[in-house]
Amino acid sequence: MQLTRPLRTTAPAALLTAAALLALSACGTSEADSTGADGSGSGKTVEVRIPDPGNSGVLALGKKDGSLDKALGEVGAKVKWTGSAGPFAPAAQAMNADQLDIATGSITSGITSLAQRPGFKFFTAVDPDAAGEGILVRDGSGIASVTDLIGRKVAVNQGGTGEYLLLKALAKAKIPAEKVERVYLRPDQTAAVLNAGQVDAWAVWATYAVAEIGSGKAHFVADGAAIGSDNYSLNAVRTGFAEQHPEIVRALYDYLHEASAREKKDPAAHLNVFTDVGPTAVTGKAKEVQTEFTAQGGTVDPIGPEDIARFEAVAAFYAEQKVTKEKVDVAAHLLDVEKLT
């Protein structure tokens with residue numbers, strides 16, 4: 001039975017396990033001998049290509065127990081695990097080029113992608129992560145507040161969550177953005193740079209923060225709640241795919257919504273799905289940190305009026321901060337997933 005989200009009045013703390021919100025990619029149809037997605041018996045099955053979910057999250061568990069295949073099968077589709085998830089910007093480009101159908105990213109990276117030539121729309125929202133994102137500093141760094149960042153170097157991913165979090169934190173503290181040096185780095189390259197002391201702080205989210213906090217050598221000087229972050233996580237669908245296969249988009253939403261609610265109730269069951277050893281395993285203190293973040297987190301939900309207002313606030317902030325040339329009209333690129341059949 002589908003769950004209904006209550007009206008938001010305040011932002012819940014933290015977000016889903018990062019792996020639960022991996023980019024979903026889908027395109028094309030295969031000539032498999034099965035009923036078509038429209039139930040017409042045309043013999044065509046829509047093949048949904050999904051980047052491999054790794055070792056944790058709702059998609060990892062769905063891959064292991066076959067539940068995602070079952071959900072897609074009900075609408076004449078099937079999953080094909082391929083590649084791996086990555087940043088939203090290249091995924092958006094792939095959707096625009098008709099090479100990808102569904103992807104996941106933050107509203108912040110989404111806005112910078114919408115400022116280009118968007119061929120996609122957003123159809124789900126996960127509340128901003130109040131606990132799992134923020135400004136990360138090394139223990140003993142001497143940085144005790146956002147004000148202490150003045151004259152320092154802070155690593156951010158350009159145009160995405162990191163740059164947003166830093167600019168938002170500085171604005172709230174009434175610190176001119178030029179007082180802090182932004183160092184543009186890929187998030188998968190930043191931990192080593194921070195730990196080597198080449199930057200003083202890192203504006204980052206749970207995907208990368210968990211390991212650093214779990215090491216016992218780093219902490220947030222300001223988390224999402226302190227910053228006042230409106231950084232939602234969203235699922236996007238290629239416009240043409242949504243028009244051709246609305247029932248598949250709806251089925252993916254229903255699956256992610258219900259599975260994310262189960263993950264929130266039992267985070268541990270969604271960690272180390274395939275193995276509890278090796279580089280993909282979450283162990284020790286990091287496992288405790290991730291479990292806590294997930295338990296506090298949001299679920300994959302439809303986009304409501306209050307969400308749209310907050311999306312537009314982020315778009316206005318990006319324009320004010322000159323991250324985008326002008327305010328992006330986010331509302332023009334949203335779908336009401338509950339009306340898709």
Side-chain angles (χ1 to χ4, degrees), residues 12-25 48-72 79-87 103-106 124 126-127 129-134 136 161 187-192 194-195 202 204-220 223-224 233 235 252 255-300:
L15 96 161
L16 295 172
T17 314
L21 297 172
L22 290 170
L24 302 177
S25 58
V48 184
R49 295 186 301 183
I50 301 177
D52 190 276
N55 194 32
S56 297
V58 298
L59 292 181
L61 192 59
K63 176 183 179 181
K64 184 176 182 179
D65 65 16
S67 58
L68 182 55
D69 272 322
K70 181 179 179 181
L72 291 176
V79 60
K80 179 179 179 181
W81 300 108
T82 181
S84 59
T104 296
S106 64
T124 73
V126 177
D127 285 308
D129 185 3
E133 65 180 14
L136 192 75
T161 293
D188 60 350
Q189 298 176 332
T190 307
L194 176 71
N195 291 322
W202 181 10
V204 66
W205 58 103
T207 303
Y208 301 96
V210 165
E212 299 308 306
I213 296 172
S215 73
K217 298 179 181 179
H219 63 279
F220 284 136
D223 61 14
S233 178
N235 278 301
L252 281 168
Y255 180 85
L256 291 171
H257 175 71
E258 295 180 13
S260 65
R262 291 192 296 271
E263 183 187 35
K264 179 179 170 67
K265 291 180 180 178
D266 188 8
H270 295 76
L271 291 175
N272 302 332
V273 173
F274 292 100
T275 179
D276 58 4
V277 296
T280 64
V282 184
T283 59
K285 181 64 175 179
K287 186 174 181 179
E288 295 177 21
V289 171
Q290 182 64 78
T291 299
E292 180 181 351
F293 286 171
T294 304
Q296 295 180 71
T299 55
V300 177

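Numbers here are sequence positions counted from 1. Quick note: numbers below take in every heavy atom, side chains included, and nothing from hydrogens, waters or symmetry partners.
Under the 3.5 Å distance criterion, the side-chain polar atoms of Lys285 are left unmatched by any main-chain donor or acceptor of Gly216. Within the 3.5 Å criterion, the main-chain N or O of Val300 finds no donor-acceptor partner in the side chain of Thr124. A distance-only check finds no donor-acceptor pair linking the side chain of Thr291 to the backbone of Glu288 [under 3.5 Å]. Judged purely by atom type and a 3.5 angstrom limit, Asn55 has no side-chain atom pairing as donor or acceptor with the backbone of Ala60. In this structure, the side chain of Ser233 does not engage the main chain of Val126 through any donor-acceptor pair within 3.5 Å. A donor-acceptor contact shorter than 3.5 Å is absent between the side chain of His270 and the backbone of Ser56. With hydrogens and angles disregarded, no donor-acceptor distance shorter than 3.5 Å links the side chain of Asn272 to the backbone of Val277.
Using a 4.5 Å cut-off on side-chain heavy atoms (C-beta onward), Leu136 and Ile213 make contact.
The two atoms that bring Glu263 and Gly57 nearest to each other are OE2-CA, 3.8 Å, heavy atoms only. Listed here is the closest heavy atom pair of Glu212 and Ala191: OE2-CB, 3.5 Å. Looking at every heavy atom in both residues, Ala209 comes nearest to Gly132 through CB-O, 4.0 Å. Between Tyr255 and Gly62, the shortest heavy-atom distance links the atoms OH-CA, 3.0 Å. Listed here is the closest heavy atom pair of Thr275 and Ala281: O-CB, 4.0 Å. Closest heavy-atom contact between Thr283 and Asp276: CG2-O, 3.9 Å.
Under the side chain to side chain contact (heavy atoms under 4.5 Å, CB included) rule, Leu61 has a single partner from Val58, Asp65, Leu59, which is Asp65.
Note that CG of Asn195 is 8.5 Å distant from CH2 of Trp202, once rounded to the nearest 0.5 Å. Expressed to the nearest 0.5 Å, how far CG of Leu252 lies from CG of Asn235 amounts to 8.5 Å. For the atom pair Thr299 OG1 and Leu256 CG, the distance stands at 11.0 Å (nearest 0.5 Å). Rounding to the nearest 0.5 Å places OG of Ser106 at 8.5 Å from CD of Glu133. Note that OG1 of Thr190 and OH of Tyr208 are 8.5 Å apart. Values are rounded to the nearest 0.5 Å. One distance of note links CD of Gln290 with NZ of Lys287; it measures 11.5 Å at 0.5 Å rounding.
Phe293 and Phe220 have parallel rings, their planes meeting at less than 30° on a 0 to 90° scale where 60° marks the start of perpendicular.
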